[in-house]
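I have placed the structure first, in the form of structure tokens, so that the comments after it can refer back to it.
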Amino acid sequence: MQKKLFLLDAMALIYRAYYGLIRSPRITSAGKNTSAQFGFTTTLIDIINKEKPTHLAVCFDTHAPTERHTDFTDYKANRQEAPEDLLQSLPDIKRIIEAFNIPVVELDGYEADDIIGTVAWQAADAGYEVYMVTPDKDYGQLLIHDHVYIYKPPFMGNKEEILDAKKICEKWDIQRVEQVIDILGLMGDAVDNIPGIKGVGEKTAAKLLKEYDTLENVLANADNITGALGEKIRAGKEDAIMSKKLATIITKVPVEFHEENYRLKDWNKPVLTEVFVELEFKTLGKRVLGDSFNAFHAAPEAQQTDLFGAVVDTKKSDISRKTESTVAAQSSLFGDDTSTGLVAEKNINNTDHDYQLVQTDEEIANLVSYLSEQAEICFDTETTHIDANEAELVGLSFSCRPGEGFYVPCPADRAATMAILQKFKDLFASPTMKWIGQNIKYDLLVLKWYGFEIAGELFDTMLAHYVIEPEGRRSMDLLSAQYLQYEPVHIDELIGKKGKNQGTMREVEVEKAKDYAAEDADITLQLKNIFVPLLKEKAVERVFSEAENPLVKVLTDMEFEGVKVDVGFLNDYSVELEREAKIFENNVYEQAGVRFNLASPKQLGEVLFEKLKLDPKAKKTKTGQYATGEDVLSKLAHQHKIVDDILGFRQLTKLKSTYVDALPLMINSKTGRVHTSYAQAVAVTGRLSSNNPNLQNIPIRSDRGKEIRKAFVPRDSNHILVSADYSQIELRIVAAISGDPNMCEAFRQGKDIHTATAAKVYGIPESEVTKEQRYKAKSVNFGIIYGQGAFGLADNLGIARSEAKEIIDNYKKEFTGITKYMDDIVNFCKDKGYVETILGRKRWLKDIYSSNFTVRGYAERNAVNSPIQGTAADMIKLAMIKIHHEMKSQKLQSRMILQVHDELVFDAVKEEVDILKPLILNCMKAALPLPNEVPVEAEVGIGDNWLVAH
DNA sequence: CGCTTCACG
DNA sequence: ACGTACGTGAAGCGC
């Protein structure tokens, strides 16, 4: 077995753990700060568990001065005294290390990096793979020795990282690891008070080494270096030489690597338990010590608030007692876990169901008559395609009580299938029958292609789950496993895995199809029985019954309708884009001096930053590639003319491949129209999303892009497109729910909100607001919605951080209500565990309690943004339902065809436009009145294509 | 299949 | 020491 030695730089890890949690430290009930102990211990345990070292040692610095101090009195002179509670952590940490039976290595006169370097090289010579565990980049120099690596432990949401010589060179932008000490000598190190050359930082140092290879050679050539840089180097020669010496890790420390001494041994569990109890490491103790920890751990865990117990519904509902007990089991364990005691009582297994095949006319007649006596029917369709617009019916399944299932096969012959459906016609048309389904929009759409519509109320279990647990995944298999403790037959077992050999339900023998299909209906019904009380417990019934559930039929109709696309126009435009893209592409190759795949970010990065030597400004992607996104490239535009050609190429090929060439291929052969599909249970905030194709991201911002909107046209010359959109809806919602007096008043007076904002922020009359100021104010207004800080605003507007900060500070002063809202909503979330919209749509943000700054920050921004984005989503959904209802009851022939978050598009009969316009606007404005008398405004336009109408 | 980029609100 | 503005879907690259 390969021997793996891990050497931990204790003080560096301790400092990092302590300061990493400085904003929300771990404090014991006695008030002791245990951040350092905790952080160090988790790092140690994670390494042992994950990396499985065979050998391990922990290295400390001692208080004794080192050679570096005696040679250079300023060394580490500006370092602050370590905080009291950090120093107090050291004895605990040493006890823990001792209890793990791990050796501590320290030696007066040497720092931990010297010891680690010496031992690392000795061990590597002895055939070990050596990992130096430290966040300190100076260790890179030790990687000149083979089989020695740096192990950066995970921190603040970053994954652990193993650095080898190549990665070190990439990080520093140098050619050889030997140059690490040269770069450190040139740039110095502020933390250790190593001076380096004044005015030379990381970038300049790397540039100098690229040209002169070593620090000594840089200094030797100092006279050849012109300008201010040359002067700085000439002035800093001595500092540089000394700095290099200080930065060089000593690898000849009088320590010896003893294999047996460093070998990992058993832990002293009683001592570990004692320390963990003392430090109140409850979860960690349980994790690593298991039951032996619980036995010692006499003090009870802090009582968790019972999230569900208080909400137990004593009223009898229509669910069985078994189901209730299952719900109770779910509830008492925070919804994730299941109580083993109750799993035995689960409702489905392979024996206690009765699934029947229903085929003959008589059988079907009996089924129909049975179903028509029921109050609710759970049903499901089996088809040949995942895309409902292409799907043919293969069978229908029904279930009205747990364990029951009927399956009606439908033959390949369309007329025969129609004949079967005819027998269900009255049932479908019954206004009182209630229909339960999982993603029932799909089934409605399939039926609609056969000319059948369901009249009664719906209950979609997928949507119920969506409002109960918006972030969760909700395939039926998962829901069944989670809520029914039952794993249904998987579709792959019938038709094979995804791929070219995948069959369709049509080829599955009818007995198997029956078991699968009937089970789906059965499970869906049981899920409904579980979700009904859950909707109540979580208090999300309103958004479910007023918005999500009634929206299903609206979306079904919209998807069925589709939109007409002018293919001739797109084909012409494709040719033009192709021609222009070619020109850009050739310009790029000419300027680069090579031909390469311009569509490959990897190749492009290499050409730009290695061949053409543009300055990448240290921007790298997480996989270590050069970032070449639009934001990065725009900032490089002044460095090289090639950048504009790259951006031009990117824009044109994007438009061509994603829209102009793709849309005609998505046209449905039966209708000649494009039918998008709206995902109603995907976006966690409550928005819809659109796919196959996505019609919610059709270009509008660029001139070349917006041309594409001309391809979206009315169905014929009797029709015209009508587009209506909300005006500044999210900002109005911010104003209304924050109650900020200035912003509410601006909206009530019908002002231009960005101009009004600019006037406040800059303290000038609105009439004097410049375009520039309005533009900046607009950016702040949007940034606020997302929880943006000064850094982001500066980046976005290309202004100094200081200016951004000033603007934000002014904004907060003028709009105190908004600042208060942002604080209040975060506190609300920390109190309740969720945030919610006006309609009561909730989003649970468990990361709001995270001690990790980055993770918690993300949750806090979500807490601010979700109620805003979600309320806007609620509002337009209510408007869609109202409009759909009105159009139907007024028997209008116009059709709602698209929704783009704050916009609705209609394929309108020309004669109906005068009725339609006010109908739409009234419904949109009145859909969800906002508090604080903030008015809701909407605008409507018409035209012979989407670009004109919008 | 994950990553990067880019289109929208 | 670290990262920095929310929510989506699709295309193309490269492993």
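The analysis underlying the following values was restricted to heavy atoms, covering all of them including side chains, and did not include hydrogens, waters or symmetry mates. As the structure is a computational prediction, the values presented were derived from the model and not from experiment. Numbers restart at 1 for each chain; the letters A, B, ... are given by sequence-line order, proteins then strands.
With C/dA10, B/dG9, B/dA7 as the candidates, the nucleotide lying closest to the side chain of A/Tyr659 is B/dA7. The listed nucleotides are C/dA10, B/dT5, B/dG9; the one nearest the side chain of A/Pro601 is B/dT5. Residue A/Val684 places its side chain closer to C/dG7 than to any other of C/dA11, C/dG7, B/dA7. Of the candidate nucleotides C/dC2, C/dT4, C/dA11, C/dC2 has the atom nearest to the side chain of A/Lys152. Taking every side-chain heavy atom of A/Arg701 into account, B/dG9 is the closest of C/dG7, B/dA7, B/dG9.
Not less than 6.0 angstrom separates the ring centroid of A/Phe712 from the ring centroid of A/His950.
If you check the side chains of A/Arg26 and A/Ser35, you find no donor sitting under 3.5 Å from an acceptor.
Proximity of A/Thr854 to the phosphate of C/dC2: no side-chain N or O atom is located under 4.0 Å from OP1 or OP2. At the phosphate of C/dT4, neither OP1 nor OP2 sits under 4.0 Å from any side-chain N or O atom of A/Arg801. OP1 and OP2 of C/dT8 both lie 4.0 Å or more from every side-chain N or O belonging to A/Asn691. In this model, the phosphate group of B/dC6 is approached by a side-chain N or O of A/Arg650 to a distance below 4.0 Å at OP1 or OP2. Side-chain N/O atoms of A/Thr685 include none lying less than 4.0 angstrom from OP1 or OP2 on C/dT8.
When side chains are defined from C-beta on, A/Ser689 does not count as touching A/Tyr678, because their heavy atoms never get closer than 4.5 Å.
A salt bridge links A/Glu580 to A/Arg704: at least one charged side-chain nitrogen sits closer than 4.0 Å to a carboxylate oxygen. Of the charged side-chain nitrogens involved, at least one lies within less than 4.0 Å of a carboxylate oxygen, so that A/Lys925 and A/Glu937 count as a salt-bridged pair.
Place A/Pro135 and A/Thr653 on DNA chain C by their nearest nucleotides, and A/Pro135 ends up nearer the 5' end. When each of A/Lys602 and A/Arg861 is assigned the nucleotide of DNA chain C bearing its nearest heavy atom, the one mapping closer to the 5' terminus is A/Arg861.
B/dT4 and C/dT4: their P atoms are spaced 13 Å apart (whole Å).
Atom C1' of nucleotide C/dC15 and atom CD of A/Gln625 are separated by 11 Å, given to the nearest angstrom. Straight-line distance from the CG atom of A/Leu695 to the C1' atom of B/dA7: 12 Å, rounded to whole Å. In this structure, A/Phe712 atom CZ and B/dC8 atom C1' are separated by 12 Å, rounded to whole Å. The separation between A/Gln651 atom CD and C/dG12 atom P is 16 Å, rounded to whole Å.
A donor-acceptor contact under 3.5 Å is formed by the side chain of A/Gln869 with the base of C/dC6.
Pairing of C/dG9, defined by two Watson-Crick or G-U wobble distances under 3.5 Å, is identified with B/dC6.
Within 4.0 Å (heavy atoms only), A/Ala873 reaches no atom of the nucleic acid at all. Note on A/Ile868: nothing from the nucleic acid sits closer than 4.0 angstrom, heavy atoms only.
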